[in-house]
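First comes the structure, then the notes that go with it.
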Amino acid sequence: MVSLEEYFIEPEKCINKKKFQPVSYLRRKFSLVKEISKAELNITALGLYKGYINGKAISDQIFMPGFTYYKKRVQYQTYDVTSLLKKGLNVISVMLGDGWYRGKIGIFSKRYFYGEKTKLSAVLNVNFVDGTTDTITTDNRWNATQNGPILKSDWKDGEVYDARRELIGWTELDYDDSNWHEIYQGVYNGAIDPSEGEKILEHERFTPEILKTPDGSTVLDFKQNLFGYVEFTVSGKSGHKVKLTHGEALDENGNFTLKNLIANGLLGARGTFQEIKYILKDGIQTYKPNFTAHGFQYVKIENWPEEVKVENFTSIAIYSDMEQLGSFECSNPLVNQLVSNSRWSQKSNFMDIPTDCPQRERAGWTGDIACYSSTATYLMNVNKFLAKWLKDVALQQTEEGCIASIVPDVGLPSFADGAAGWADAVIIIPYVLYQAYGNEKILEDQYESMVKWMSFLEGRAKKTHSSRWLKKNPYKNYTIDYGFHWGEWQEPGRPMSTDAIKGFFKPDFEVATAYYAHSAYLMAKIAAILGKSEDAENYSTLFENVKKAYRYNYTSNGIVNSNRQCKYIRPVAFGLISEEEKIVNITKLNELIKENNYKIGTGFLTTPYVLQMLSDYNFVETAYNLLENTERPSWLYEVKKGATTIWENWNGIDDKGKPTDSFNHYLMGSVIGFLFSHVAGIRSLEPGYNKVSIKPLPGGSFKFVNCIYRSVTGLIESAWKIEGSKFILNVEVPVDAEIHLPDGTVYYVSKGKHVFSCTLKHHVERI
Ligand code: BGC
């Protein structure tokens with residue numbers, strides 16, 4: 001039985017909120033009188049913990065207990081610690097840091113957002129060989145101190161570590177803690193749930209190149225942008241101070257910069273940000289941070305006491321341990337790098353919760369993951385990871401059903417909640433998980449919160465008609481013209497600040513109404529899957545009505561007239577107009593893109609769809625031209641500029657070389673889904689790939705594609721090449737499959753490996 005709620009303790013009596021708190025160290029000795037057969041430790045914290053038994057780490061997991069909506073729940077972990085214990089005296093020791101609980105979080109870098117004092121609760125259940133048991137808890141027999149080496153450990157600012165203050169041997173049994181102080185009783189009123197996400201672990205390691213930048217600084221370039229930290233070895237004199245600052249870019253002069261991340265100081269990240277300050281003890285020493293990490297590729301080194309040598313630095317990537325599912329390789333090396341960039345942005349931002357970026361905000365923006373989720377399912381198994389986060393989405397939902405823009409909450413004003421395309425994550429993501437992994441349970445688990453969101457939308461549509469033009473509108477009750485909406489967001493040339501202000505004063509209700517329809521459409525499907533036929537019927541009627549409202553309000557007889565690419569894509573992708581109208585609109589989109597010299601013009605919301613829509617309506621070469629374009633703005637412009645992750649802003653580096661905004665936002669990497677579903681043509685015909693279709697799409701400069709997807713039903717391979725005018729396709733499927741060749745022939749095959757070929761009639765060789 002786990003009864004962690006009874007055993008919360010606090011290591012601090014009172015704190016000075018104006019200062020940063022040093023990390024707390026806690027320990028307790030206990031005696032086990034018999035031979036042990038099994039021992040399990042259940043442990044959690046408000047803050048971040050690292051635990052040891054008899055000097056050994058209880059796990060290689062880091063940043064535990066993970067990030068949840070602490071106002072309502074925290075997770076606990078269970079570790080089998082049998083091998084760490086022995087008959088006789090033992091000691092358990094724990095370090096406790098601020099983490100998300102009271103460290104700086106979110107866009108405004110709020111501190112103490114969830115609470116002021118860190119708390120720990122642990123229950124160690126021991127079974128003895130003779131069948132009896134014993135339980136050790138976080139009772140009043142623990143001692144604590146704040147007099148250790150970590151003077152500050154902030155989630156966004158970084159760590160201050162004084163190696164002279166190290167508590168040598170503090171995790172060992174014979175350490176003398178008699179000058180430590182007592183602990184205090186703590187209370188936590190939220191739920192304490194078993195850990196359900198993926199383990200957060202250290203992964204890849206990189207050795208840097210050393211740069212001497214024009215301003216004379218020493219900068220390490222690890223060649224890969226990531227979320228993680230640097231482990232370093234240094235030797236020098238006691239008291240010598242070194243500083244490491246972590247950033248993603250060099251500026252237009254080739255110097256280290258944080259300006260792209262600090263957004264002119266607006267985001268509360270002025271001054272200290274992603275810094276490690278280390279004070280040396282005598283001799284050789286190795287260090288890596290404990291309760292902080294950074295988004296970075298470059299590290300500026302200051303006051304290093306000896307020659308800076310590459311072998312003394314390693315960057316370590318940190319992310320949730322998800323199984324890699326898909327790989328894609330083709331004849332265009334820039335596209336291959338783009339796939340790698342997307343995978344790395346996914347790794348950097350799938351850190352217990354899906355974040356927008358791993359440096360500036362590190363926040364669970366609902367819209368970012370709603371748009372990217374489908375691509376995410378191809379690259380890695382994100383089933384458990386997203387299911388864990390969706391629980392918090394539902395927990396944070398208001399009584400009226402409003403869904404937040406950021407989950408878990410980091411203090412964004414609530415007016416920004418309920419935004420179209422962001423809040424709809426509550427419906428979109430469970431459906432994506434159902435499609436990709438056949439996870440029907442997630443639909444059941446989240447159904448209540450989806451229904452609540454729908455009734456929120458229905459209320460919103462019916463009660464408020466702020467715009468005059470809507471007053472006499474026959475569809476006014478099915479049109480959303482209220483609330484804050486981020487809109488399409490991050491179209492090329494539209495700065496974030498302008499979009500955010502517009503979202504408040506002049507929100508784009510076309511987007512809001514389109515998402516209302518789309519959510520109703522998905523709800524009709526979800527309700528039908530769950531056998532709720534009455535709900536299914538109601539939602540499909542609602543969809544039809546909102547669809548009519550959309551067509552009436554935002555198109556002229558189904559035809560869009562706009563100079564923005566997103567406006568054509570949305571009604572087609574969401575099925576809001578007739579087939580004939582779709583053809584006209586995508587034809588117009590094709591013209592617009594051509595006039596724009598095949599440059600991308602979409603933002604967050606329609607980037608996932610643009611290439612799919614073009615190729616589904618036979619503008620395959622336009623889709624490839626957009627994909628393979630290397631002029632700004634485009635995906636491959638970023639690659640040519642040396643990107644190793646996906647940029648937030650299409651104009652991330654301007655002509656002068658000036659970096660703007662985050663370099664590690666996965667969202668625009670949503671194009672990778674198109675490579676799997678269209679270019680390689682791997683699609684699921686029944687949820688969880690119980691029936692598969694392979695419909696490859698040759699085009700552009702592509703001479704071959706090798707694509708593998710480890711679906712839940714088994715390995716799927718689509719590998720094609722072009723030899724002269726001959727198209728050759730090798731497939732492997734784990735279940736029955738339809739094979740569609742580019743010449744229009746269709747084959748029906750069963751499980752196994754198959755080879756096909758055909759002549760490419762209209763294939764134009766490109767140079
Ligand atoms: C974040 C996003 C987010 C957006 C809201 C930005 O500051 O980084 O990715 O979705 O705000 O539109």
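Indexing begins at 1, ligand by ligand and atom by atom, following the structure's order. For the numbers below, each heavy atom of this structure counts, side chains included, while hydrogens, waters and symmetry mates do not.
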Should the ring pair F328 and F676 be called parallel, tilted or perpendicular, given that the plane angle runs from 0 to 90° and is split at 30 and 60? tilted
Minimum-distance protein heavy atom relative to atom 9 (O) of ligand 1: D368 OD2, 2.5 Å
Protein residue, atom and distance nearest to atom 6 (C) of ligand 1, heavy-atom basis: E361 OE2, 3.6 Å
Reported CG-to-CH2 distance for the pair L667 and W647, which is rounded to 0.5 angstrom: 16.0 Å
Any salt bridge linking D154 with K104? Criterion: basic side-chain nitrogen under 4.0 Å from a carboxylate oxygen. no
Among non-hydrogen protein atoms, atom 3 (C) of ligand 1 lies closest to W365 CD2, 3.3 Å
Under a 4.0 angstrom heavy-atom cut-off, which atoms of ligand 1 come close to W422? 5 (C), 10 (O), 12 (O)
Quick check against the 3.5 Å criterion: does Y437 have a side-chain atom that pairs as donor or acceptor with the backbone of V382? yes
Report yes if H665 has an N/O atom closer than 3.5 Å to an N/O atom of ligand 1; otherwise report no. yes
For ligand 1, which atoms, with element, lie under 4.0 Å from some heavy atom of F604? 9 (O), 10 (O)
Here the atoms of ligand 1 under 4.0 Å from any heavy atom belonging to E648 are 8 (O)
Honestly, is R632 close enough over W650, meaning NZ or CZ under 6.0 Å from the six-membered ring centre and within 45° of the axis? no
Are the aromatic rings of Y298 and F222 close, with centres under 6.0 Å apart? no
Atom 1 (C) of ligand 1 has as its nearest protein heavy atom D356 OD2, 3.3 Å
Can you see whether D424 engages S519 through a side-chain donor-acceptor pair at a distance of less than 3.5 angstrom? yes
So, does R360 sit close enough to ligand 1 that a heavy atom of it is under 4.0 Å from the ligand? yes
Looking only at protein heavy atoms, identify the closest one to atom 12 (O) of ligand 1 and say how far it is in Å. W489 CE2, 3.0 Å
